[in-house]
Student: 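Here's a structure for you.
Chain letters run A, B, ... following the sequence lines, proteins first, then strands; residues in each count from 1. When reading the values below, keep in mind they use all heavy atoms of this one structure, side chains included, and skip hydrogens, waters and symmetry mates.
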There are 2 protein chains.
Amino acid sequence: MAGLERTSTHAQRALITLRKRILGGAYPGGTRLFEVALAEDLGISRTPVRDALQRLGAEGLLDRAPAGGFVVRGFAVRDVVDTIELRGVLEGTAARLAAERGVSADHLAQARSILHQIDALFLVQSFDMEAYSNFNTQFHHLLAQLSQSAVLIREIDRITALPFASPSAFLDDQSRQAELVKTLSAAQGQHRALIEAIEAREGFRAESLAREHARAARRNVEFLLSHEAALREGVQSLAILSS
Amino acid sequence: MAGLERTSTHAQRALITLRKRILGGAYPGGTRLFEVALAEDLGISRTPVRDALQRLGAEGLLDRAPAGGFVVRGFAVRDVVDTIELRGVLEGTAARLAAERGVSADHLAQARSILHQIDALFLVQSFDMEAYSNFNTQFHHLLAQLSQSAVLIREIDRITALPFASPSAFLDDQSRQAELVKTLSAAQGQHRALIEAIEAREGFRAESLAREHARAARRNVEFLLSHEAALREGVQSLAILSS
DNA sequence: TAGCCTTAACTTGTATACATGAGGACAAAG
DNA sequence: CTTTGTCCTCATGTATACAAGTTAAGGCTA
């Protein structure tokens, strides 16, 4: 899994490498990243490094220093919570718009198909977390599509790109499997209700449900952080947190 | 007002120039921007042009072409409407959070001060639109601050940077001054109610009011677009619209 | 004639040398 | 001892030459 990214350009590889480092907590929030140092480190010239830094800035992982240059953005607990809350608000808006504007039969069928496949996962003995994660991601992606708002889809994608704000964050927490499955079962209930509300054109209900659905993730973070480091260790998405 | 930007770097100047051109509709949506051509045109090398293009991409004015390069993003009427709606949702969230989390006496005083200054504008014979625009921008900026959510503030700033989505868009429409002032008077009523709701910790009301407040802008766009080109001419913010 | 392959033109990707400007250290003067 | 000014250092800004990849056109073949 390490360092073998073989995409086409140096800039792409630098982007991937640096993103991984930042998200992995390799650079504490506030650290300034110097082009020359990184270029030497990565064995490439400054040009693609610059490119990668600018992209990371656009992703929201770096801030531009006033006098030029980039600084690693620090994420406090509050920022994580606020970002998840924001995702809830945006997905809520997507759900409301879907209900208000109406969804096509095809889209509805897709949603039902995903729901059905998730249902099936709960019937098997050993829960397949990776499969759930995939279907869950699909579901949330589809939800954005249902809004029929290109603008909204774009913003949801942006926010969701931050790993700790993604709908499938915290699913890699190995230590609490059994408990987690129960939570996911409840989440699936919300998925169903959400589609039901959208189909019935109940905009307000759809919006409320989507927001509450995001709260599950928020509760998860708050739980993980209220218990000492032991629990946090297994959760990759929280490595970036500035203590 | 034209072309004399004397900021420090070439990249900055290129950014400003290109942004102005794009927003002014100089490049129809879908137009591909070539680095060399722009560099020659602007009399600088490709490097700062590249920089400017990347920033414009981050601003959402350009899309990255799959095989590299940048394409001017086309904004349809629906995109403009959706973006304004999104601003309403985000500002609504800011208002709700402000109500739920509470605001400091100092912030409240600032809000009241702005409201008071706007009130004063309505007492003068010839309405000072520029002053209103400034105070209005201040008010909306403060509203974001009240949320005490750095994440939300950042996103609101992002969206608001698109000129047709800014709270003070469409105020440069010279042709309907008298009518516009009436609208703004109503808007000021919403401003007041909004602060009132926040102070009373009425989160739901605050959120609803902020959303409805944004609807005024949406109605304005829809009105301008339902009447033929004559009206649109005076409205700079709509130049970018792809026919 | 249709389809494919080759090739050439064009565009972005990369390296590197040089320019510019910001920030800090050190010294001198008050 | 503090403050201010200058100089030096180092990081980013810029230009340009060259590399590499993409696209489209033209001709060849079936």
Side-chain angles (χ1 to χ4, degrees), chain A residues 3-22 26-74 161, chain B residues 3-22 26-74 161:
Chain A
L4 296 177
E5 1 280 357
R6 70 183 90 110
T7 35
S8 44
T9 70
H10 284 167
Q12 297 267 355
R13 281 188 290 273
L15 174 65
I16 292 170
T17 304
L18 292 178
R19 188 196 287 128
K20 191 179 295 178
R21 286 190 191 172
I22 295 169
Y27 308 109
T31 303
R32 182 160 178 187
L33 296 184
F34 297 108
E35 297 174 3
V36 274
L38 290 175
E40 278 178 29
D41 184 10
L42 300 173
I44 57 181
S45 81
R46 276 177 56 208
T47 312
V49 171
R50 251 177 113 78
D51 189 288
L53 290 179
Q54 285 179 124
R55 289 181 194 237
L56 289 167
E59 287 182 18
L61 259 37
L62 301 179
D63 282 325
R64 277 175 193 276
F70 291 89
V71 181
V72 178
R73 180 171 165 199
Chain B
L4 296 178
E5 2 279 358
R6 72 185 86 110
T7 35
S8 43
T9 71
H10 284 166
Q12 298 267 355
R13 281 189 290 272
L15 174 65
I16 293 172
T17 304
L18 292 177
R19 188 196 287 129
K20 191 179 294 178
R21 286 190 192 172
I22 294 170
Y27 307 110
T31 305
R32 181 161 179 188
L33 297 183
F34 297 108
E35 296 174 2
V36 274
L38 290 175
E40 279 178 28
D41 183 10
L42 300 174
I44 56 182
S45 81
R46 277 176 57 208
T47 312
V49 171
R50 252 178 112 78
D51 188 287
L53 290 179
Q54 285 179 123
R55 289 182 194 238
L56 289 167
E59 286 183 19
L61 259 38
L62 301 178
D63 282 325
R64 277 176 193 277
F70 290 89
V71 179
V72 178
R73 181 171 165 198

Student: Once you round to the nearest 0.5 Å, how far does NE2 of B:His10 lie from CG of B:Leu42?
Tutor: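 Between B:His10 NE2 and B:Leu42 CG, I get 10.0 Å after rounding to 0.5 Å.
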Student: Reading DNA chain D in the 5' to 3' direction, which nucleotide is the first one with an atom under 4.0 Å from a heavy atom of chain B, and which is the last?
Tutor: D:dG13 to D:dT23
Student: Both B:Ala67 and B:Pro48 contact DNA chain D. Which one's nearest nucleotide lies toward the 5' end?
Tutor: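 Nearest nucleotide further toward 5': that of B:Pro48.
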Student: Using atom types as modelled, flag every donor-acceptor pair under 3.5 Å from a side chain in residues 51-58 of chain A to any protein atom, sequence neighbours excluded.
Tutor:
unit_1  : atom_1 : unit_2  : atom_2 : d
A:Asp51 : OD1    : A:Arg55 : NE     : 2.8

Student: Rounded to the nearest 0.5 Å, how far apart are CD1 of A:Ile44 and CZ of A:Arg13?
Tutor: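 One finds 8.0 Å between CD1 of A:Ile44 and CZ of A:Arg13.
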Student: Any non-hydrogen side-chain atom of B:Leu33 less than 4.5 Å from a side-chain atom of B:Val49?
Tutor: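 Answer no - side chains too far apart.
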Student: Pick the nucleotide of DNA chain C nearest each of B:Glu35 and B:Thr47; which residue has the one closer to the 5' end?
Tutor: B:Glu35
Student: Pairs under 3.5 angstrom, nitrogen or oxygen only, protein versus nucleotides 6-10 of chain C, please.
Tutor:
none

Student: If you measure from CG on B:Leu62 to CZ on B:Arg32, what distance do you get to the nearest 0.5 Å?
Tutor: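 CZ of B:Arg32 is found 12.0 Å from CG of B:Leu62.
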Student: Heavy-atom distance under 4.5 Å between the side chains of A:Glu59 and A:Leu15, does that happen here?
Tutor: yes
Student: Is there a residue in residues 51-66 of chain B whose heavy atoms reach under 4.0 Å of DNA chain C, and which residues are they?
Tutor: none
Student: Atom CZ in B:Arg21, atom CG in B:Asp41: separation rounded to 0.5 Å?
Tutor: 4.5 Å
Student: Determine which pairs satisfy salt bridge (Lys or Arg N to Asp or Glu O under 4.0 Å) with at least one residue from residues 61-73 of chain A, sequence neighbours left out, and list them in order.
Tutor: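 Output for this query lists A:Asp63-B:Arg154.
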Student: Can you name the side chain to side chain donor-acceptor pair (under 3.5 Å) partners of B:Gln12, sequence neighbours left out?
Tutor: none
Student: Among residues 37-46 of chain A, which ones have heavy-atom contacts with DNA chain D below 4.0 Å?
Tutor: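 Hits under 4.0 Å, by residue number: A:Arg46.
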Student: For A:Glu40, which residues count as a side chain to side chain contact (heavy atoms under 4.5 Å, CB included) partner, sequence neighbours excluded?
Tutor: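 Residues passing side chain to side chain contact (heavy atoms under 4.5 Å, CB included) with A:Glu40: none at all.
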Student: Side chains of residues 65-72 of chain A: which donor-acceptor partners sit under 3.5 Å, not counting sequence neighbours?
Tutor:
none

Student: Are B:Leu18 and B:Leu61 side-chain neighbours, meaning at least one heavy-atom pair lies under 4.5 Å?
Tutor: no
